[in-house]
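First listed ligand is number 1; within each ligand, the first listed atom is number 1.
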Amino acid sequence: MPVLTNIGYLATCRGNGSQSDLHEIRDAALAWVDDQISWVGPQSSLPLEFSTEPTIDAGGRLVIPGLVECHTHLAFGGWRADEFEMRSLGKSYSEIARAGGGIRKTVRQTRQASKSELLEKSRSHLEAMRRLGITTVEGKSGYGLDRETELRILEVYRELEETQPVRIVSTYLGAHVVPDEFKADRKGYVDFICQEMIPTVAERGLADFCDAFLEEGAFGREECREILETGRAYGLKPKLHADQLSCLQGAELAAEVGAVSADHLEHASEAGVQAMREADVVAVLLPLASLYLGQPAANARRLIDSEVKVAVSTDFNPGSSPNFHLPLAMTLACSLCRMSPAEALKGATIYAAQAVDLQGQVGSLEEGKAADFAIIDAEDPNDWLYRFRPNACVATFIGGESVFTADEVI
Ligand code: NIG
Ligand code: FE
């Protein structure tokens, strides 16, 4: 029954209350038994039974729930640094995609990658992520598109879940783009997703969610609706890449199909925001993608003012966000999306957990939840996200086990 003591600011991040309400406890302590939290409160009220237990001293620092990274395209072959250069010289993301680059280029590279290559590359990213205080990661397929490679990616996620400590959530994103071999037969590809892939993925238990990319050059509204509704019929919960580059009423569609989250939303309509609130769809904002594409970021204020829960994520992928630094995304959520640091923290913990339907297990520091937490070298969330550093995380715990201790804070 170890105890973490001398916590200057404990952000419990309980889900109730407003987005900015962290339900913090100052001068706190946290105790756990096996992999679950057994007590949280002011250190002065620590029950006697804990006083003889081994303690870890947090040094008066900030302690947060383990960060939940709720939107990544974790497993892919190759990189696309050439496109970063092209965009910096003025070419747009869509122009590069139309010329055969973009997602299709990564699809070609991913099809050539072996399972062990994908596994080791993803594993090294997860190791780096847990040093940042990240304890749960969602990973999408979508760079295989054919049966064999999509299943390979999802099997990589399953193997990662079994062989390393970060908790993994898998999402089937067959509807990322129409692959070259189906260029002349879009309907054939949608049928392949609905009739072959979704049933196989569901039967093998390889994913919890089904996602789709609603965009010019990707999939239309009715295609996405059919795919997400089919996924739901097979037990895969819907998610949607919505209104990123243009307004195609993605937020409305996410609400109509009962999506757990709608992600991106830079161009969401007012009616879409209202529909999301009514259907309790979490908005996942991805400011790193806006930064890399040189576009204005989504406005979190109008979502929060409309009582939509806002999660923050990196969108880690080789194109629009080759970066898995979630604390950086949180700082950008403050400066570009207009969230307060407290709102960004709730957005990367309990609301991100809701975006992957794990809010009952992770995302807040409460009795009975997983003992996933990070010690941050800061006084409070304002101090942390304002004074952004390469890594302010001092230690990370998953299920009560230490998975990272910093030699020094950089
Ligand atoms: O979320 N929007 C679609 N997918 C990714 C980009 C993928 C890529 O460029 O490879 C995204 O931004
Ligand atoms: Fe994405």
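Contacts with ligand 1 closer than 4.0 Å are made by no heavy atom of Ala289, backbone or side chain. Looking at His176 against ligand 1, only its side chain comes within 4.0 Å, counting heavy atoms.
Lys115 pairs with exactly one of Glu120, Glu148, Glu159 by the salt bridge (Lys or Arg N to Asp or Glu O under 4.0 Å) rule, that one being Glu159.
For atom 6 (C) of ligand 1, the closest non-hydrogen atom on the protein side is Tyr93 OH, 3.2 Å. Protein heavy atom nearest atom 7 (C) of ligand 1, with residue, atom name and distance: Tyr143 OH, 3.1 Å.
Rounding to the nearest 10°, we obtain 100° for the angle at the Fe ion (ligand 2) between His241 NE2 and His73 NE2.
Ionic pairing of Lys91 and Glu83 is not present here: no N-O contact between side-chain nitrogen and carboxylate oxygen is shorter than 4.0 angstrom. Salt bridge absent: Arg14 and Asp21 never bring a charged side-chain N and a carboxylate O closer than 4.0 Å. Classification of Arg87 and Glu85 as a salt-bridged pair fails, no side-chain N sitting under 4.0 Å from a carboxylate O.
No heavy atom of Thr106 sits closer than 4.0 Å to any atom of ligand 1.
Between the side chain of Tyr386 and the main chain of Pro341, no donor-acceptor pair closer than 3.5 Å is present.
For the Fe ion (ligand 2), the nearest N, O or S atom contributed by Asp315 is named OD1. Residue-level check: among N/O/S atoms of His71, NE2 sits closest to the Fe ion (ligand 2).
Nearest to atom 11 (C) of ligand 1 by heavy-atom distance, out of Leu286, Leu288, Asp315, is Asp315.
With rounding to the nearest 0.5 Å, the separation of OG in Ser269 from CG in Leu248 is 11.0 Å.
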